[in-house]
Structure formats: C-alpha cells, structure tokens
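Just below is one structure, and these are the notes that go with it.
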Amino acid sequence: MLCMLFVYRQGQSLPSEINRIAIEPRSLAIIMPTNKNTDIEFYKNMWVADYLYTVCDYPGPDCSMSCNQPSTWATLYKKTRCFTREIKKRFMSTEFFIKMDDDTFVDREYIEKLVDQYTGSKEPVYISDFILNLDYRNRALNGSYYGNGKFYMFNRPLLDCIDPNIWFWGDRNEDAVFGAMVHNGCGPDVKKVKEDDSKIWHKRYTSKNKYINLAAVSNH
C-alpha cells in the first residue's frame, strides 16, 4: 500500500498548481452528450466539472441542455445538431469548446496547453484525429474531414462559421455530420490539429497503478 502525505505552508502553491496555466470557466465549455447510463457523478468529481455542460435526451437533474428525443446510435447526429445550435446561441463569450463522450477522460495539462497555444486565434481551429468522409450519396458530407467521437476541440471562430442546417439524406454518423457542418460552413481554411492520443483515454484509463473501466455499462 502506498501512502501519500502532502505538507504545504500557507500561501505556498500545491504541486498541481506549479507552472499551471489557469483556464477561466467562461473560456472553456466541455459538451458531453449523456443518456440514462451516464455516470455524471464521476465527472462532477473530476477537473472537467468546472467546465461541464451535459446534453440530455430530456430535461432533468444535472442537465444543461436537452434535445427532447431519445438518442440511439442511428439518431445521435440529431443530438449533435441540437447542441451545436444551442451553444451558438448561448455561449457567446466562450472561446474554446470540447465535445467529449461520457466514456472518455482527458489530461488537464494537455488542454491547458492547447488553450494557451490557440487563445486569440482568428482562424477556425479543429483539434481531433481526422477521417476523410467519402459519402458519395451526400454532397454535403462527401470530401469533408471529421474527428473521432471520443474527443474533439474547437474554438470560437469555428463555432461562428459552422453550419448546423446542412441537408443530407439518411441517418449518418454524428461526428461525420459535425465535420460536414464545419466543412460547409467554414470552408477549406480550417486549421486541423491532430490530437495527442497519449493524453486522451477512451473506454479504459490505464496509468501506473490505476486501471479504470470508463464504459462498464454499454450505452444505447
């Protein structure tokens, strides 16, 4: 068993505060689509709690915004349209946004460095791990790039130009729809930044003496 003792004097910085770049709560919004299986208490006790906004199927406790329809794998793109419209209307002074799945964990210092690096950028910034969409049945989606669903981050200029009202045929992957909304609204001049996957954990968190199953109960 490992015991840890922290001793600090009044006014002295805690180890976690040393060289830390503070992110003001109004500067970052973490958008998390949820459903009945989401353990929101887990995230309320993590660093993301100060920035967390949940997207629910219906209004309820711990619900920041709701889309008033049940979400399934086939209809998650509707939830993506829903929260995009909502944050465009409601988060007028927020500079950075993260869409994060409810079975994902991300390193705080990594986010702080991204915020520091891209604060004040005038060009749309889209951070994820990109996939080329070859959807020949839908002109709005075909040829666009989209990020993986577990995590993507973007800035205010991208939110300002994104088009949540694109038309396409059939049910489509929600992250592909987000990428297409970026592609159609913002054009080709989006700065695409590849995420650092060593700082993002999906479904499993493993580090030294920790192993956490982040997806113990299957969603949808």
Side-chain angles (χ1 to χ4, degrees), residues 28-35 51 53-55 65 67 69 71-91 94-106 110-111 114-115 117-118 121-203 219-220:
L28 174 66
I30 298 177
I31 310 300
M32 180 180 288
T34 64
N35 60 39
Y51 313 95
Y53 297 89
T54 56
V55 187
M65 59 193 89
C67 297
Q69 61 183 12
S71 57
T72 66
W73 285 118
T75 62
L76 280 174
Y77 69 89
K78 296 180 181 179
K79 211 169 192 176
T80 298
R81 282 192 193 266
C82 170
F83 78 67
T84 302
R85 291 187 179 113
E86 283 296 304
I87 63 177
K88 280 178 76 74
K89 288 189 300 184
R90 291 171 49 183
F91 294 79
T94 304
E95 187 166 3
F96 292 98
F97 301 85
I98 292 171
K99 183 269 181 180
M100 192 170 80
D101 280 352
D102 67 353
D103 56 2
T104 299
F105 187 75
V106 62
Y110 173 55
I111 300 303
L114 290 174
V115 167
Q117 182 174 356
Y118 294 107
S121 174
K122 302 300 182 185
E123 63 181 335
V125 177
Y126 187 10
I127 303 166
S128 194
D129 192 2
F130 297 100
I131 302 165
L132 175 63
N133 191 353
L134 298 177
D135 187 341
Y136 299 112
R137 301 182 70 178
N138 284 291
R139 182 177 180 182
L141 278 71
N142 190 42
S144 61
Y145 284 87
Y146 64 95
N148 61 65
K150 68 178 186 287
F151 169 94
Y152 49 84
M153 182 173 176
F154 52 98
N155 66 349
R156 162 61 50 185
L158 186 138
L159 184 63
D160 288 341
C161 63
I162 197 172
D163 180 8
N165 300 313
I166 61 170
W167 183 91
F168 54 91
W169 180 89
D171 296 333
R172 289 295 184 268
N173 173 279
E174 73 274 17
D175 307 306
V177 169
F178 186 87
M181 294 191 300
V182 172
H183 178 75
N184 286 268
C186 304
D189 297 326
V190 173
K191 183 176 182 63
K192 298 181 182 67
V193 179
K194 182 173 173 50
E195 68 188 31
D196 182 352
D197 273 330
S198 71
K199 304 297 184 180
I200 303 165
W201 294 266
H202 186 220
K203 298 189 182 298
N219 280 337
H220 305 291

Evaluate the side-chain proximity of [Y] to [X]: yes if any heavy-atom separation is below 4.5 Å, no if none is.
X    : Y    : value
P157 : V125 : no
Y110 : E195 : yes
V182 : S144 : no
Y146 : N173 : yes
N148 : D175 : no
I162 : K88  : yes
Q117 : V193 : no
I200 : M100 : no

Can you tell me how far [atom2] of [Y] sits from [atom1] of [X], rounded to the nearest 0.5 angstrom?
X    : Y    : atom1 : atom2 : value
L159 : F154 : CG    : CZ    : 6.0 Å
L134 : L141 : CG    : CG    : 11.0 Å
I166 : M181 : CD1   : CE    : 6.5 Å
I98  : I127 : CD1   : CD1   : 8.0 Å
N35  : D102 : CG    : CG    : 6.0 Å
L114 : M153 : CG    : CE    : 5.0 Å

Go through Y51 and T94 one step at a time and tell me if the side-chain contact (heavy atoms from CB on, under 4.5 Å) criterion holds.
CA-CA 11 Å; Y51 313 95; T94 304; over 6 Å; no
Mind listing the closest non-hydrogen atom pair of [X] and [Y] along with its distance?
X    : Y    : result
K199 : W201 : O-CZ3, 3.4 Å
T84  : P164 : CG2-CB, 4.1 Å
S128 : G147 : OG-CA, 3.1 Å
K79  : T34  : NZ-O, 2.5 Å

Applying salt bridge (Lys or Arg N to Asp or Glu O under 4.0 Å), run through K99 and D101 and close with a yes or a no.
CA-CA 7 Å; K99 183 269 181 180; D101 280 352; 2.6 Å; yes
Strictly by side chain to side chain donor-acceptor pair (under 3.5 Å), give each pair with a member in residues 159-168 just once, sequence neighbours left out.
R85-N165, R156-D160
So, K150 and D129, do they make that salt bridge, N to O below 4.0 Å?
no
Mind checking what makes ring-ring contact (aromatic ring centres under 6.0 Å, His included) contact with Y126, not counting sequence neighbours?
F130, F178
Residue pair F83, Y53: steps toward the side-chain contact (heavy atoms from CB on, under 4.5 Å) verdict:
CA-CA 10 Å; F83 78 67; Y53 297 89; over 6 Å; no
Tell me if the CZ atom of R90 is crowded by more than 12 foreign heavy atoms within 6.0 Å.
yes
Do M32 and T104 pass the side-chain contact (heavy atoms from CB on, under 4.5 Å) test, and can you show the C-alpha distance, the side-chain angles, and the key distance before you say yes or no?
CA-CA 10 Å; M32 180 180 288; T104 299; over 6 Å; no
